[in-house]
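Have a look at the structure below, then the notes.
Please read these numbers as outputs of a predicted model, since none were measured by experiment. We name chains A, B, ... by the order of the sequence lines, and we start the count at 1 in each one.
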Amino acid sequence: MELNSVKPNLQVEVGGVRLKNPALAASGTFGYGEEYAPWTDLGKIGGIVTKGLSWEPRLGNPTPRLAETPAGLLNAIGLQNVGVKRFLQTKLPALRNYDTAIIVNIFGHTEAEYITVARELSLAEGIAALELNISCPNVTQGGMQFGATPPSTYQIVSAVRQATHFPLWVKLSPNVADIAAIAEAAQAAGADALSLVNTFLGLAIDIRSRQPKLANITGGLSGPAIKPLALRMVWEVAKKVEIPVVGIGGICCAEDALEYIIAGAHAVEVGTANFIDPQAIPKIVAGIETYLLENGVADIHSLIGSLKLPEREV
Amino acid sequence: MELNSVKPNLQVEVGGVRLKNPALAASGTFGYGEEYAPWTDLGKIGGIVTKGLSWEPRLGNPTPRLAETPAGLLNAIGLQNVGVKRFLQTKLPALRNYDTAIIVNIFGHTEAEYITVARELSLAEGIAALELNISCPNVTQGGMQFGATPPSTYQIVSAVRQATHFPLWVKLSPNVADIAAIAEAAQAAGADALSLVNTFLGLAIDIRSRQPKLANITGGLSGPAIKPLALRMVWEVAKKVEIPVVGIGGICCAEDALEYIIAGAHAVEVGTANFIDPQAIPKIVAGIETYLLENGVADIHSLIGSLKLPEREV
Amino acid sequence: MDMMEAKILSLIELTSSYFILELEAPKVAQSAQAGQFVMLRCGPGYDPLLSRPFSIHRRQGNRIWLLISVVGRGTELISLSRPGAQLEILGPLGKGFRLIEPGRSDPPAQALLVGGGAGVAPLLFLAEELAGRQVPLTVFVGGKTSADLLAIEEFEKLTTKLHLSTEDGSRGEKGLITGVLGDVLEQDTGFRQEIFSCGPWGMLAEISRIAEERQLPIQVSVEARMACGVGACLGCVIKAKAPEGEDYGIGDYRHACVCLEGPVFEAEKLIWN
Amino acid sequence: MDMMEAKILSLIELTSSYFILELEAPKVAQSAQAGQFVMLRCGPGYDPLLSRPFSIHRRQGNRIWLLISVVGRGTELISLSRPGAQLEILGPLGKGFRLIEPGRSDPPAQALLVGGGAGVAPLLFLAEELAGRQVPLTVFVGGKTSADLLAIEEFEKLTTKLHLSTEDGSRGEKGLITGVLGDVLEQDTGFRQEIFSCGPWGMLAEISRIAEERQLPIQVSVEARMACGVGACLGCVIKAKAPEGEDYGIGDYRHACVCLEGPVFEAEKLIWN
Ligand SMILES: Cc1cc2nc3c(=O)[nH]c(=O)nc-3n(C[C@H](O)[C@H](O)[C@H](O)COP(=O)(O)OP(=O)(O)OC[C@H]3O[C@@H](n4cnc5c(N)ncnc54)[C@H](O)[C@@H]3O)c2cc1C
Ligand SMILES: Cc1cc2nc3c(=O)[nH]c(=O)nc-3n(C[C@H](O)[C@H](O)[C@H](O)COP(=O)(O)OP(=O)(O)OC[C@H]3O[C@@H](n4cnc5c(N)ncnc54)[C@H](O)[C@@H]3O)c2cc1C
Ligand SMILES: Cc1cc2nc3c(=O)[nH]c(=O)nc-3n(C[C@H](O)[C@H](O)[C@H](O)COP(=O)(O)O)c2cc1C
Ligand SMILES: Cc1cc2nc3c(=O)[nH]c(=O)nc-3n(C[C@H](O)[C@H](O)[C@H](O)COP(=O)(O)O)c2cc1C
Ligand code: FES
Ligand code: FES
């Protein structure tokens, strides 16, 4: 292994956003950034995707909201958030102090709410992109149905596209049969990038009480358990679309992130792993850099989508 | 906890098959039964579902065929099997020596092949039921497409239904958006029971070679990692159909099996866990019995579908 | 302060279900306040996945002690670790107990510490801090059986006023510790009494009711299932009264993060029903 | 014989990447044959999920020894286990080496054992069995560096004919062990030579080629990724020549389970390209 002593390029551009490195914090797992400021160096993170934001503040679901599963975490937070007003007043200004890209994850119960949120945020400064959550499984009336079919995806993405000048990332649900078809619809509607995936719908039962372990009954599965499934979806989608894909699902270490990049992701978001180690993202960035150095890769772009397929025997 | 000293009833009837207990070995994870005979007491197992059988013997996929993931296993065996003729000559007679229900899992590349397999097996003795695999993700031309939509499911199940007098269990794929719709189609077409789920399509990449870890590129994910997803699907389907559901996915211990039963499964199949402990199934049966005793449940039927839903706050 | 490797210095089984873990964790030890907690990983591998929260039981120099009750897979795995090995730890986290400033009140203040089961964990740290400030202490320790009465010898070093109770009567008074507390409160001590408690939710609710009746200040350390421990996941929330003008709350309550606003709360700020 | 708890009697680090695990496993120890293997769970929890296959390195009384190379998460986790703890084990599994019956052939037979890296693991057990039968032994051990030459002292107790090689020349001859074997085979020993080998695929392929050239009988122990270890999952298959009339095979090869038909095969039955 020849060590190339020149620092490899880790910068990527994802749907109109220049990222200093390809490892971001995933929405809902990093609060509004400030929560992790005492525990990690936010300046080393490629970008922070903030907790899903709706127009009004939301209380979220009753508790319990969390249940651990083998190598996984079921959550049904129910999109508790401070609402756009307080986000702009207190959260965004605090976050702007850090040298990292700020991507604001948004959702609504109706198309009109999505549009209002996008419009209002578009007046603010310091936001690098909006990430449209059309895929959260935990709100009964919200999100889910928008991302369930290609036409409904096309509809909501077009509507928000017209409401904002910010780069628009669209976050897809894995709870579909053909994610590539949804991805193509989002692209056709003007998405600048695709984030995939959100959590997988799951259930856990407490056999003593015979009740679901979550007050919301079902929840979204995240963590290492889902990595092979999410990675397969990123690979399928990256082959089909022109716009960049941001890979999400179970990424805990540099090796995991590199799998996604090799499968075709331009960047990755790290979620549940932050809970296990607040320094997961800086460690991933360092690990990617080491890998590039050790493999003599000068620019991370040479790695994106570089998966070698075996010749099939007949 | 009051101990009821009367032995609780563990017998269930699943789609025309009387099982002495509700824990079966899942197809493809227990060979043709005989492989595990030196390592466990087959007579303690509710039933054995044999390796997926096609008309002709099949060599299966090239290697590597296995990749471990966090709490999961990706496999792409490619349905290697001995073919109907040799199954009837050597495998079935050996298996008949054990006091357990024999369910034969079958698949074909075409509807005609499914029918031929079902017809030929119907002439044999000692088979309790056929399990129709319309969901294997690892054969390019086979299985998958049959179970992908409700109409194609209806079509193949009706066709096989007419080809056999055996009870017909239909095994569903989780790689769909709405598994309950597929389940209803299978029921309408005459299925006697539904087995769910088969494996989830996944991918793993070796970052050193930048190749997929499986020669087949993608594979099917099984093991504890998928349990919350499969359990959610079993719950969704059991609510919708009249015929019994057999729960499959990540079951390793009695607690896991009980979660499925409480969610609505009449029986369960244990797959990957056999690899970790050949005695997993007898232990699960013993654990279910203990749970019933400790909770004063005289008959397992009182447990099936007994999930208590919380009253939702508004 | 960050996720750090803490070396296991000792692991002492108290009974089959409780053990004390001694860790070398200089940063935590030096900055911890009584009532704060740490998140501890159970071992390598992703199953179990999440870190587990534990109150700081004691600290001295560069070392901290945790008092751990074995209730499930995570605590069992931790109980199997090998002294000398490293465990990953994050902390100190959360808001600890507001301490009594001695001599600030008239009549002088007295601290009543009430713990149930492993709930005594943060109370020993608290008792040591208060004793250091010469605050008079009365300590109440309850449990199901005598095997659940923990840290008794340590408390005996700090106060002579120690009340014990067990549900089965195997040690101390038979019954719940809340009953014992009620009886003691009947007597007028001439002190301004302040209650500090940690234990199961039902016990805390009952003590809060007793305190409210007598208008005594009370701080409780509550538990919740946690993922992050730092306020990021919103998994650990509890219902708290919504302060006026606070638009985060909707209706008459809001969701407060136990890990960030707590685990120690003034009981009156929470919704107990 | 079933999945059983095996107690760790000792765990001895040989170098930073190899260690020897001594287990109390009466059933395995008593029925094992040289070349057979066991499946060993890495620890509690489901990550890593699968058991790992290891050849039986030695056995005595109720004990077995495994020689383990730390290459990934599973072997690392096993290396961290605590003596006194239990590990779950299944075995003995698979088909071992067909032993030489001394005195049955003329000229008399001589065994050539060729191991690379951790591939010597099953060869020590085999050497002890053959030595017990008075079969003359020549042993070849190769590795990348001197740190990869394992079990040398044990082999020295069984034979004076020990050939070593390292790729970096740090001990024994510089080069591959296959080269040394070739040289030795040039000399006529007057014995009927039979080869037994275990190591990386490339090494086995080369030795099989050498043996075929000279028409020497050769048995190899091969590796494959395994899930069940008993022939049920069909994950560990290898390409083998299809025997005539065998309808399981299609075309000119069939898939043989390494765990059930192997891990020891006669090299000529496998497809090497
Ligand atoms: C701030 C804080 C401080 C704590 N301090 C201590 C301490 O000092 N000593 C101590 O022994 N324990 C303490 N706990 C509780 C401890 O964190 C849990 O007992 C532990 O996480 C259980 O892990 P497990 O894997 O063994 O159990 P699991 O297998 O995760 O669960 C076992 C059972 O306990 C329930 N459970 C698990 N965690 C919680 C929880 N946080 N709240 C309610 N129910 C739960 C589960 O539903 C399940 O029924 C504290 C908890 C919090 C939030
Ligand atoms: C019959 C048999 C006997 C064996 N005997 C021994 C022995 O006595 N001593 C010993 O040290 N090892 C032995 N091995 C190999 C040993 O099983 C593997 O090294 C071990 O499973 C690796 O586990 P891990 O979790 O550390 O590595 P992983 O993290 O699973 O993998 C690390 C790397 O090794 C590769 N790898 C893992 N397992 C295999 C495999 N079976 N074949 C090829 N590549 C693999 C992976 O692709 C990866 O690149 C034997 C294998 C077999 C099949
Ligand atoms: C506690 C929690 C809260 C989440 N909240 C949101 C959210 O508000 N909006 C969103 O788009 N995704 C949300 N997610 C999904 C994550 O952003 C991410 O897509 C998912 O967790 C998979 O990544 P991981 O396996 O790395 O965690 C949440 C996930 C978790 C675990
Ligand atoms: C190695 C392997 C081979 C399998 N082969 C088959 C098969 O031939 N037919 C089938 O219907 N399912 C097959 N399956 C799927 C299992 O029967 C089961 O549905 C799946 O593994 C989920 O259960 P588990 O998590 O308990 O393993 C196979 C699974 C594995 C792991
Ligand atoms: S544990 Fe994550 S917010 Fe409290
Ligand atoms: S390891 Fe399962 S068949 Fe060989």
Answer key: most heavy-atom pairs under 4.5 Å with chain A among C/P48, C/C236, C/G45 is C/P48

Just so I understand: if I count every heavy-atom pair under 4.5 Å between each of C/G229, C/A227, C/G231 and chain A, which residue has the most?
C/A227

In Å and rounded to the nearest 0.5 Å, what is the CZ to NZ distance from C/R225 to A/K213?
8.0 Å

To the nearest 0.5 Å, atom NZ of C/K239 lies from atom OG1 of A/T63 at 8.0 Å

Could you measure the distance from the CG atom of A/L79 to the CG atom of C/L234? Nearest 0.5 Å is fine.
10.0 Å

Got A/F275 and C/L49 here, is their nearest side-chain heavy-atom distance under 4.5 Å?
no

Measure the CD-SG distance between A/E35 and C/C257 for me, rounded to the nearest 0.5 Å.
8.0 Å

Pick whichever of A/A225, A/G83, A/G72 has the most heavy-atom pairs under 4.5 Å with chain C.
A/G72

Heavy-atom neighbours of C/K241 NZ exceed 12 at 6.0 Å
yes

For residues 221-234 of chain A, which residue pairs pass the side chain to side chain donor-acceptor pair (under 3.5 Å) check, not counting sequence neighbours?
A/S222-A/T272, A/K227-A/D256, A/K227-A/E259, A/R232-A/E236

Spatial distance of atom CD1 (A/I276) from atom SG (C/C228) [nearest 0.5 Å]:
12.0 Å

Output for pair (A/Q80 CD, C/R254 CZ), nearest 0.5 Å, gives 10.0 Å

Validation row: C/L90, A/P278 side chains within 4.5 angstrom (heavy atoms)
yes

Tell me whether C/E167 at atom CD has more than 12 heavy atoms from other residues, nucleotides or ligands lying less than 6.0 Å away.
yes

Looking only at A/G33, A/C252, A/A67, the option with the highest number of non-hydrogen pairs under 4.5 Å against chain C is A/C252

Please check if the side chain of A/E68 supplies one atom and the backbone of C/L50 the other of a donor-acceptor pair under 3.5 Å.
yes

